[in-house]
Structures are given as C-alpha cells and as structure tokens.
Amino acid sequence: MVSRTSAIRIGLVFPDLLGTYGDRGNALVLEQRCIRRGIDAEIVDIAAGTALPDSLDVYLLGGGEDDAQVMASAGLRASRAAIDRALGNGAVILAVCAGFQLLGGSYEARDGEVLDGLGLCDLDTRAGDARCIGELIVSPDASLGLPTLTGFENHGGRTRLGSGVSPLGTVEVGHGNGSGNGAGNSAGNSAGDEGLAVDGILATRVVGTYLHGPVLPRNPALADLLLGWVLGEDALTSLEDPVIDALRRERLHEARKTGLSAKRRDWDLARG
Ligand code: GLN
C-alpha cells in the first residue's frame with residue numbers, strides 16, 4: 001500500500017460544462033469508496049475558466065453537449081502542461097463521452113466545426129449520421145480483471161483509435177466508439193464493418209469510455225481499479241454492494257434483451 005499523509009483528491013473538471021449526464025456521481029462514488037475504507041478523500045470542483053491544478057490524484061472529465069464541449073476544449077488545452085505533470089506524478093484520468101473525445105487530437109461537432117482536443121491520446125472523433133443512444137454493455141480488456149461494464153450512451157461522434165492504441169473493451173450491446181462508418185482502429189479492433197466494435201481507450205492510468213450511467217455507480221469495480229492505480233491494490237479492502245449488484249443484474253438483463261431485439265430488427269430489415 002502507498003502510505004499517504006493527505007486525502008486523496010478527486011478533481012471534477014469543469015462540472016458546469018462537462019456534467020450533463022450526472023457525472024458528479026463518479027466523483028461521489030470514488031469519495032465514498034475511500035471513506036468506507038477509512039481513507040480520507042475530498043472532491044475538488046474545477047470551475048470552467050479555472051486552470052487545472054497539477055496536484056490532484058484523479059481527474060474526472062464528463063459528458064457534454066457540443067457547445068459546452070467547445071468551451072471545455074479551450075480550457076483543457078490551456079491546462080495541458082498541468083495535466084502532463086499530474087500524470088507524470090501518478091494521477092489517473094477517467095474521461096466519459098465528450099471528455100473521452102477531448103482526450104484526442106480533434107472532434108467534429110454536428111455542425112461540421114472541427115475543434116482541437118487535448119492531443120493526449122491517439123484518437124480522433126468525427127460526426128456520425130445518427131446519434132448512438134441506448135444501453136451499452138462492454139466486456140473490458142481481460143488484463144483488467146473486471147466484470148462486464150454497464151451504462152448508457154448518447155453521442156453523435158464516432159471515435160477512431162490510432163494503431164496500437166487499446167480500447168477499454170469490446171461492445172456486447174450498443175455502439176461504443178462507433179459503428180458502420182469505418183470507425184475503429186487499424187489493428188482490427190474496429191467499430192466498423194470488419195471486426196468487433198470497441199469502446200473507449202485504455203492507456204497508462206487513463207480510461208476513456210462512452211459509458212454514462214454515471215459509469216462508476218453502475219460499475220464499482222471500475223471505480224476500485226482507478227483507486228487502486230492511485231493507492232495501490234492492497235489499500236482496497238473489499239466492499240459489499242448488494243443494491244448495486246441487483247441494479248447491475250437488472251440493467252444487464254434489460255440491455256441484453258433490448259440489444260437482441262435491435263439485432264433481430266436489423267436482420268429483418270436486411271432480409272426485407
Ligand atoms: N457532444 C458529444 C457527441 O454528441 C458528446 C456527447 C456526450 O458527452 N454525451 O458526440
């Protein structure tokens with residue numbers, strides 16, 4: 001265990017811009033899972049227009065509409081050096097949807113405007129024809145040892161990962177990084193016609209995903225993965241989450257049912 005003399009500091013980045021989908025819930029879950037284990041934790045709100053400090057342990061970037069995303073991208077780029085320093089010091093990033101898209105080189109909004117992202121990860125996002133909306137189930141990369149991830153998605157962008165970049169996992173139900181538009185990485189982990197659809201990105205102490213929910217209340221194991229990266233796995237005594245376990249079962253069941261009927265509908269349409 002990494003011994004700490006200070007509280008774990010959980011940064012909620014621009015919640016006024018990147019908080020459309022209840023993303024504060026991710027910060028609350030991290031904080032509560034620390035407190036339940038007797039580990040001090042505090043949430044640090046970083047208001048839009050404020051420079052990001054380099055001293056936080058976790059940086060949470062949430063989802064947002066296109067206009068908010070344009071504003072957030074400028075603020076993030078202005079703080080790129082601080083983010084680099086924080087990552088160098090062992091900080092962790094969880095970026096969801098708009099936040100995930102902004103980790104990349106560029107994002108194309110629905111109106112065709114292309115804005116620069118942080119350029120932290122080798123990925124780019126283009127506008128798709130239709131929005132991807134609905135339940136999303138992701139089988140996480142086996143190296144993570146996590147159970148199936150559940151959430152919902154609501155985005156217009158399709159994200160292409162650079163070659164050699166790993167996704168967070170493969171899509172069981174839903175769209176994730178994109179579908180049917182050739183999006184996907186050149187390693188064949190594509191979300192296009194030729195290969196498995198994938199979601200998000202997995203890099204050193206960085207997770208990006210299209211999973212809303214918010215994602216951490218629905219997937220406490222993912223919350224513990226992030227905390228383990230900060231605190232060391234030994235710091236994480238196991239916690240009982242019966243209510244969440246029941247919610248997960250119900251959501252996975254519903255999403256699989258919906259996913260199956262959507263597939264049947266597509267087959268029927270394809271057959272005429
Ligand atoms: N504006 C982005 C898109 O539509 C992100 C949406 C979101 O964060 N849910 O792709």
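All ligand and atom numbering here is 1-based and tracks the order in the structure.
- A 6.0 Å sphere centred on CZ of Arg80 holds more than 12 heavy atoms belonging to other residues, nucleotides or ligands.
- Under a 4.0 angstrom heavy-atom cut-off, Tyr210 registers as lying outside contact with ligand 1.
- Residue contact check: Gln69 has heavy atoms under 4.0 Å from atoms 1 (N), 2 (C), 5 (C) of ligand 1.
- Contacts of Gln101 with ligand 1, taken as heavy-atom pairs under 4.0 Å, involve the side chain alone.
- In terms of protein heavy-atom proximity, atom 4 (O) of ligand 1 is nearest to Gly156 N, 2.9 Å.
- By the neighbour-count criterion of 12 heavy atoms within 6.0 Å, atom CD of Glu233 is sparsely surrounded, having that number or fewer from other residues, nucleotides or ligands.
- The only member of Asp124, Asp66, Thr159 that meets side-chain hydrogen bond (donor to acceptor under 3.5 Å, both in side chains) when paired with Tyr107 is Asp66.
- Close N/O approach between Asp66 and ligand 1 is found [any backbone or side-chain N/O within under 3.5 Å].
- Any N or O atom pair closer than 3.5 Å counts here, and His155 shares no such pair with ligand 1.
- Protein heavy atom closest to atom 7 (C) of ligand 1, with residue, atom name and distance, is Cys97 SG, 2.9 Å.
- Checked by distance only, ligand 1 and Ala98 come closer than 3.5 Å through their nitrogen or oxygen atoms.
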* To do: Run the numbers on Leu76 and Phe14 for side-chain contact (heavy atoms from CB on, under 4.5 Å), then give the verdict.
  => CA-CA 9 Å; Leu76 285 174; Phe14 306 159; 4.0 Å; yes

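- Crowding of Asn89 atom CG: a count of heavy atoms from other residues, nucleotides or ligands under 6.0 Å exceeding 12.
- Within the model, atoms CD of Gln69 and OG1 of Thr125 stand 8.0 Å from one another, a figure rounded to the nearest 0.5 Å.
- Separating the CD1 atom in Ile93 from the CZ atom in Arg205 is a distance of 9.5 Å, to the nearest 0.5 Å.
- Distances from ligand 1 to the non-hydrogen atoms of Arg131 include at least one value under 4.0 Å.
- Atom 9 (N) of ligand 1 has Asn154 O, 2.8 Å as its closest protein atom, hydrogens excluded (heavy atom only).
- Ligand 1 is never approached by Arg110 to a heavy-atom distance shorter than 4.0 Å.
- A salt bridge is defined here as a Lys NZ or Arg NE, NH1 or NH2 lying under 4.0 Å from an Asp or Glu carboxylate O, and Arg24 with Asp45 meets this definition.
- Counting heavy atoms of neighbouring residues, nucleotides and ligands inside a 6.0 Å radius, atom CG of Asp129 does not exceed 12 of them.
- Residue contacts with ligand 1, taken as heavy atom pairs separated by less than 4.0 Å, do not involve Phe152 at all.
- Heavy-atom proximity to atom 5 (C) of ligand 1, evaluated over Gly157, Gly63, Gly64, is greatest for Gly64.
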